[in-house]
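Okay, so here's the structure we're looking at.
Residue numbers begin at 1 in each chain, while the letters A, B, ... track the order of the sequences.
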2 protein chains.
Amino acid sequence: MDAPDILKNRGLKVTKIRVAILEAMGESRQALPYSELQKKLSIFDRTTLYRTLLVMIDKGFIHKALEENGDTYYALCSSCTSKVHNHNHVHFKCKECSSVQCLYLQNEIGLSIPEISIETIEITAKGTCSLCRLTN
Amino acid sequence: MDAPDILKNRGLKVTKIRVAILEAMGESRQALPYSELQKKLSIFDRTTLYRTLLVMIDKGFIHKALEENGDTYYALCSSCTSKVHNHNHVHFKCKECSSVQCLYLQNEIGLSIPEISIETIEITAKGTCSLCRLTN
DNA sequence: ACATTAAATGCAACGGTGTTGCATTTAATG
DNA sequence: CATTAAATGCAACACCGTTGCATTTAATGT
């Protein structure tokens, strides 16, 4: 299913920037930093990019995978809807190539702390990705 | 031990802003967002605050507990040195009062994923803190 | 194919943060 | 009290988040 169909299926108008965002993020299969999205989509006004990202987060197409040093990494949601966001996955950042990816886990990670009710858990792991390990 | 002594012990000059930062963060016992630090320390130039935070992170006094929506939360390091950063703790953000705190765990959380070497893990939990639970 | 309309877009503008260079001040030392 | 390396304040620039408003466009019905 291509980008326009995905948008239609979820009741969103098919616009150039939405298709471009989905394609840009689909290619890489990794989380993209805002700065890179901005570059790739520099044809569009940055306000439009900003607002489009808001909409697509709200509709459950994408999510913020990581905020680090002022840069925000966005990733495609493979299992989220506008209502339910499943986050049984880990965000992994490679210290060498700076790539960020979503890793899905078989078993959800649980955590319980006395007196506090925990609703969501986000996990960010850092290390060396498989590609960079081979390169060294 | 008061702020000036802490600074001396770690080989840092005792300056007003460093003392002020340590005291501001010591009082609250919680992570402070940059925006609030900025307000509390508005006597000082913001560049000085910026550079002082860099130094204090580097020396292991404080760490970034959370970056969210462009605001960075800083917390005192209770078990970190300039060489070793222990992060067997969870950063917890209350969705009601927006407070952020470091929770220390008895047992470190481990995570292993094939083909990837993980060096550090950061966990951010969100929910309702004990105080807000009582209030409701 | 065309008109209608709500939604999407582009532009301008403002405030906040990250960052750097440079001149001045200050804390630690002898 | 003099010396000096470090810390500070100021200026400046780029980038991001955000909002208002006028214009354009995608979807819908005729």
Side-chain angles (χ1 to χ4, degrees), chain A residues 2-24 31-74 82 98 100, chain B residues 2-24 31-74 82 98 100:
Chain A
D2 60 348
D5 288 335
I6 297 174
L7 290 165
K8 282 177 199 162
N9 282 353
R10 302 232 212 155
L12 282 194
K13 283 189 182 176
V14 178
T15 67
K16 290 172 190 170
I17 193 171
R18 285 175 187 166
V19 172
I21 288 176
L22 287 180
E23 288 178 345
L32 280 181
Y34 172 83
S35 53
E36 217 168 296
L37 270 173
Q38 173 93 59
K39 269 184 235 158
K40 286 196 179 188
L41 307 178
S42 56
I43 335 154
F44 306 97
D45 187 82
R46 72 187 188 86
T47 309
T48 305
L49 175 57
Y50 165 70
R51 279 193 268 236
T52 306
L53 289 174
L54 282 184
V55 169
M56 296 184 78
I57 288 174
D58 187 55
K59 299 296 182 185
F61 285 89
I62 59 177
H63 65 277
K64 291 183 182 180
L66 177 63
E67 289 185 70
E68 191 178 60
N69 298 326
D71 213 350
T72 304
Y73 290 71
Y74 295 92
S82 56
S98 298
V100 173
Chain B
D2 59 348
D5 287 334
I6 296 174
L7 290 166
K8 283 177 200 163
N9 282 353
R10 301 233 214 154
L12 283 195
K13 283 190 184 178
V14 178
T15 67
K16 290 173 190 169
I17 193 171
R18 285 176 186 165
V19 172
I21 289 177
L22 287 180
E23 287 178 347
L32 281 181
Y34 172 83
S35 54
E36 217 168 296
L37 270 174
Q38 173 94 57
K39 270 183 233 155
K40 286 197 178 186
L41 307 179
S42 56
I43 337 155
F44 306 97
D45 187 84
R46 73 187 188 84
T47 310
T48 304
L49 175 57
Y50 165 70
R51 279 193 268 235
T52 305
L53 290 174
L54 281 185
V55 169
M56 295 183 78
I57 288 174
D58 187 54
K59 299 297 182 184
F61 284 90
I62 59 178
H63 64 279
K64 292 183 181 179
L66 178 63
E67 287 184 72
E68 193 178 57
N69 299 328
D71 213 350
T72 304
Y73 290 71
Y74 294 93
S82 56
S98 298
V100 173

Distances under 3.5 Å between nitrogen or oxygen atoms of protein and nucleotides 13-19 of chain D:
{"residue": "dG17(D)", "atom": "N7", "partner": "Arg46(A)", "partner atom": "NH1", "Å": "3.1"}
{"residue": "dG17(D)", "atom": "O6", "partner": "Arg46(A)", "partner atom": "NH2", "Å": "2.6"}
{"residue": "dT18(D)", "atom": "OP2", "partner": "Tyr50(A)", "partner atom": "OH", "Å": "2.7"}
{"residue": "dT18(D)", "atom": "O5'", "partner": "Tyr50(A)", "partner atom": "OH", "Å": "2.9"}

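- Annotation: the span from Gln38(B) atom CD to Asp71(B) atom CG amounts to 10.5 Å, rounded to 0.5 Å.
- A straight line from CG of Asp45(A) to P of dA22(D) spans 17 Å, rounded to a whole angstrom.
- Arg18(B) places a side-chain N or O within 3.5 Å of a backbone atom of Lys13(B) that can act as its donor or acceptor partner.
- Closest approach to the Lys13(A) side chain among dA7(C), dA28(C), dT8(D) is made by dA7(C) (side chain taken as heavy atoms from C-beta onward).
- The interatomic distance linking Met56(A) (CE) with dA7(C) (C1') rounds to 16 Å, in whole Å.
- For Glu68(A), the salt bridge (Lys or Arg N to Asp or Glu O under 4.0 Å) partners two or more places apart in sequence, or in a different chain, are Lys93(A), Lys126(A).
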- Task: Go through Leu12(B) and Phe61(B) one step at a time and tell me if the side-chain contact (heavy atoms from CB on, under 4.5 Å) criterion holds.
- Result: CA-CA 11 Å; Leu12(B) 283 195; Phe61(B) 284 90; 3.5 Å; yes
- Check the pair Phe44(A), Thr52(A) against side-chain contact (heavy atoms from CB on, under 4.5 Å), reporting the backbone distance first and the verdict last. CA-CA 11 Å; Phe44(A) 306 97; Thr52(A) 306; over 6 Å; no
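- Separating the CG atom in Asp2(B) from the CD1 atom in Ile6(B) is a distance of 7.0 Å, to the nearest 0.5 Å.
- Heavy atoms of Val14(B) sit under 4.0 angstrom from primed sugar atoms or phosphate atoms, though from no base atom.
- One atom, NZ of Lys16(B), and another, C1' of dA7(D), lie 12 Å apart when rounded to the nearest Å.
- At a threshold of 4.5 Å between non-hydrogen side-chain atoms, the residues Leu32(B) and Lys39(B) do not count as touching.
- Using a 4.0 Å heavy-atom distance criterion, Thr48(B) is classed as a base contact.
- One interatomic measurement links the two molecules: CZ of Phe44(A) to P of dT24(D), which rounds to 17 Å at whole-angstrom precision.
- Distance, Leu12(B) CG to dA27(C) C1': 12 Å, rounded to whole Å.
- The C1' atoms of five pairs define one axis at each end of the helix from dA1(C)-dT30(D) to dG30(C)-dC1(D), and these two axes lie 30° apart (to 10°).
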